[in-house]
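Structure record follows, encoded as structure tokens.
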Amino acid sequence: MEKSQVLTGLDVSSKSNTSHTSHTSKMSKMSSTTKSVMKKLPEVTLAFWIMKIAATTLGETAGDLFAQTLKLGYFLTTVALFLIFVVTLVVQLRSRRYNPFFYWTVILSTSMAGTTMSDFMNRDASAKYLANGATKLGWGPQGLGLGYPVGAAILISILLAIFLAWKLSGMTFQIRDIVTFRGEALFWSAILVSNTLGTSMGDFLSDSSGLGYAGGALLVIGVLAVLVALMKVRAVPNVLLFWIAFVLTRPLGATAGDFLTKPVAKGGLDLGTVGSSAVLLAVLFGLMAYAHVRERRTAVPATVELEPVTRQAG
């Protein structure tokens, strides 16, 4: 049914049947809710994934910039970046509609915090993790030294617990349909943990698997290609594929970030964390500006949102 036909049908029925007015009013309220859902979070498109990879790669280089290059250490940097995450999250939660700058700033802050949270969990002050003969990074504990397998197991357990609580709450996993504060809190908790888990996976592929930075990135790209193919399989829920892809794009960003910044002797390009972060930040802000302009141009009038409501009403 064409959108114009839907609107015309609602017009005629409201004129011909006075008792239908209250029903139309209810549908209008439902359409307003649908409108707010559409405007709160972005649609999952190719542009979404490009921005996600850009944000996570920047999160890796920026996290390493603060913790390692500036020698603030994993602990102090984690505390500072987590506070930044909280501030950006409050701004996002208080926003009444989707704003690309707000949304992707939170994604970036979770990527940066996730980088140092993972490093703090998995690494220690041994020469294996501290370059140039350094014996200490910053103030406070140098790291828990749990190792990538143990750290990943802990993070997977936390992520599964979040998804279980999410499931038991009865709220949807579809990000476009999240409208409550509790729903958004669960969503962003899952984002933070998944980005931290992705960092652990990326560092494991780069440092311990023997694949190197480029090899690790190619492996993740191959798995993501399989996920794209599975989208054609009806038996596999798209929501499940989304969250798996969301986790896996983080190790892709981690390995890509390491490839850009690590020394040539270790298989990297040795571009440095400062230069790489500056270029990635410019790219990400350019993508955010494009998304903002596109959002304004493609904004859908509230009346169009009546279509799905009309179908539900029969």
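Index from 1, following the sequence.
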Does Gln142 reach the main-chain N or O of Leu137 with its side chain, forming a donor-acceptor pair under 3.5 Å? yes
All ring pair (Phe, Tyr, Trp, His ring centres under 6.0 Å) counterparts of Phe259, not counting sequence neighbours: none
Can you tell me which residue pairs pass the side chain to side chain donor-acceptor pair (under 3.5 Å) test with a partner in residues 189-199, sequence neighbours excluded? Thr110-Asn195, Thr199-Arg250
Can you pull the salt bridge (Lys or Arg N to Asp or Glu O under 4.0 Å) pairs that have at least one residue in residues 104-114, sequence neighbours excluded? none
What's the shortest heavy-atom distance between Thr77 and Ala67, and which atoms? OG1-CA, 3.5 Å
Below 6.0 angstrom between ring centroids: does that apply to Trp104 and Phe285? no
Going by heavy atoms in the side chains, are Leu252 and Leu248 under 4.5 Å from each other? no
Test of understanding: with side chain to side chain donor-acceptor pair (under 3.5 Å), list the residues that count as partners of Thr116, not counting sequence neighbours. Thr78
Sequence neighbours excluded, the answer for side-chain contact (heavy atoms from CB on, under 4.5 Å) partners of Val228 is none
So, does Thr61 use its side chain to make a donor-acceptor pair with the main chain of Leu58 at under 3.5 Å? yes
By ring pair (Phe, Tyr, Trp, His ring centres under 6.0 Å), Phe204 pairs with (sequence neighbours left out) none
Are Thr261 and Thr273 linked by a side-chain donor-acceptor pair shorter than 3.5 Å? no
Quick check: Trp166 with Trp243 (ring centres under 6.0 Å apart)? yes
Donor-acceptor under 3.5 Å (Ser109 side chain, Ile84 main chain): no
Would you confirm whether Thr88, through its side chain, and Phe85, through its main-chain N or O, come within 3.5 Å as a donor-acceptor pair? yes
Looking only at side chains, do Ser200 and Ser118 share a donor and an acceptor under 3.5 Å apart? yes
Between the side chain of Lys52 and the main-chain N/O of Phe246, is any donor-acceptor distance below 3.5 Å? yes
So Met121 and Val150, do their side chains get closer than 4.5 Å, heavy atoms only? no
Could you state whether Leu144 and Trp139 fall into the same hydrophobic cluster, counting links through intermediate Ile, Leu, Val, Met, Phe, Trp or Tyr residues with side-chain heavy atoms under 4.5 angstrom apart? yes
I'd like to know if the side chain of Ser95 reaches the main chain of Gln92, judged simply by a donor and an acceptor atom lying under 3.5 Å from each other, with no hydrogens or angles considered. no
